[in-house]
Amino acid sequence: MSESATEKALSASMERPEIKMRGTNVSVFYGAKQALYDVNLDVRENSVTALIGPSGCGKSTFLRCLNRMNDTIDICRVTGEITLDDENIYAPAIDVVELRARVGMVFQKPNPFPKSIYENIVYGPRIHGQVSTRAEMDEIVERSLMKAGLFNEVKDRLHEPGTGLSGGQQQRLCIARAIAVSPEVILMDEPCSALDPIATAKVEELIDELRVNYTIVIVTHSMQQAARVSQRTAMFHLGNLVEEGPTEKMFTNPDTKLTQDYITGRFG
Amino acid sequence: MASAELDSNVTPGQLRLADALKRAGILRQQFNWNFFTAPDASDTRPEAAGLGVAILGSAYMMVIVLVLSLPIGVAASIYLEEFAPQNRWTDLIEVNIANLAAVPSIVFGILGLAIFINFVGLPQSAPVVGGLVLTLMTLPTIIIATRAALKAVPPSINDAALGIGASKMQAIFHHILPLAAPGILTGTIIGLAQALGETAPLLLIGMVAFVREYPGAPPEGFFDPASALPVQVYNWTQRGDPAFVERASGAIIVLLIFLVIMNAIAILLRRRFERRW
């Protein structure tokens, strides 16, 4: 990402620091083991928030709290409050299905359904009743693949299996699939860790473009990636949020020694 | 000819007449289709005995087993695999399912006799009772195969479905179950093949009786007396006339052909739909 784009994003987020999601005193327990300790973290609208930290620090756990994917783990318990547009997503009245349609997710390993590319994209909108006619489906497939920068590569084989694509293409297909249901927030759990540098560059470029329309939270192990794609960075260590701030400041002049050591590669 | 000479129903004069007719080209041998369609016959007429009633009875039982054990087995597996809480009860049920698969089949026969015939009052020798007993025997096999198939679907597929807002039910029925279907089908066919060859429990519920009448068309036919392929084999080996030994051998071959076909279908399905992740 170019310098000026970063500055623009920074100034934009300063002018209009809209909080899309806000975590207040979020603690997570797996059985008796506590994985997150009172995390307070805001996610700003139309920006990329990177979560960094060594393995097992709780960043993925926090990410999975944001669309309640942790609900699928029986022994997992979440306390505290997480809001989406000032609405507590752990409130009893919240429909998890609707929440996950608003907060989409892209996983570490590309996981397209073993169906055609077309079916992969159309599935989400169809179960949410967003499309019904053939024309609407065609349109959403084209639009989603366009946005994911994949359309030109796959337009001649939309009805071939999505699992036949290359790793990078599969991951962009998964992003397209997430976009298809028109989410407001997209969570990405180390989306590039299984990809080669060229595919990674493409996905990073895509993330930067998506920021215009979506709010993105990304977990990454790569400092460079966090520096390249994010506007704000949050550093986790042993289940605690160590520091959070504008990416530029985090990488040049962090407040804590821990962050500085981690970023410069002295531990982690 | 060899067994006909031992046969008290055939006189040496009749045998000589047959030889003469054969030499004259009037008598010829041909494939005995009646063997597959005719009902069982009395001790004095082994030549008329066929597998008609036994094949129909076995077919009726297989229909009952399939219709009952597949949905119940798959539903039970989905519950145990995806919904059941991890507690002592679930553990107990799981251990018992594994044990049930190893219970001797004659025990299921006694159970069927006590419950379905004596308690519920269903008719003896009827395919419906045989089908119910074989269902009980097949269920553990199907549940074990189905759970293995469900477990083999990678969790990332479940994550992917939930991640775009599918409900748990949608994730299971739109994605996990279709991917597990080949494994479930294979397990079901193997379970059915096992049930098809099962003899002991059927003896106890009276399917060993001599049945000359074809059972009626389903569903009423399920309650008519019928025989079953393996029981027919057992039955014929007990008869006095040596010609029945040949019948029994023929019936065993028929039974084996059915089993080979079913297992071949299972293998083909597995080959065709096997997926590597």
In terms of heavy-atom pairs under 4.5 Å, which option from A:K109, A:M105, A:H128 contacts chain B the most?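 With the most close heavy-atom pairs to chain B, the winner is A:H128.
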
Among A:K115, A:M69, A:R102, who wins on heavy-atom pairs under 4.5 Å with chain B?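 That would be A:M69.
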
Give a yes-or-no answer on whether the side chains of B:T90 and B:Q86 include a donor-acceptor pair shorter than 3.5 Å.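 There is no such pair between these side chains.
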
Side-chain ion pair, B:D91 and B:R88, N-O less than 4.0 Å: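 Salt bridge: no.
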
Is there a donor-acceptor pair closer than 3.5 Å between any side-chain N or O of A:Q169 and the backbone N or O of A:L150?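 Answer holds: no.
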
Straight-line distance of B:S105 OG to B:I110 CD1, nearest 0.5 Å: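 Nearest 0.5 Å value for the OG-CD1 distance: 11.5 Å.
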
Non-hydrogen atoms of chain B under 4.5 Å away: do they reach the side chain of A:V103, the backbone, both or neither?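 Looking at A:V103, just its backbone touches chain B.
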
Region of A:V97 that comes under 4.5 Å of a non-hydrogen atom in chain B: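 Both parts, heavy atoms under 4.5 Å.
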
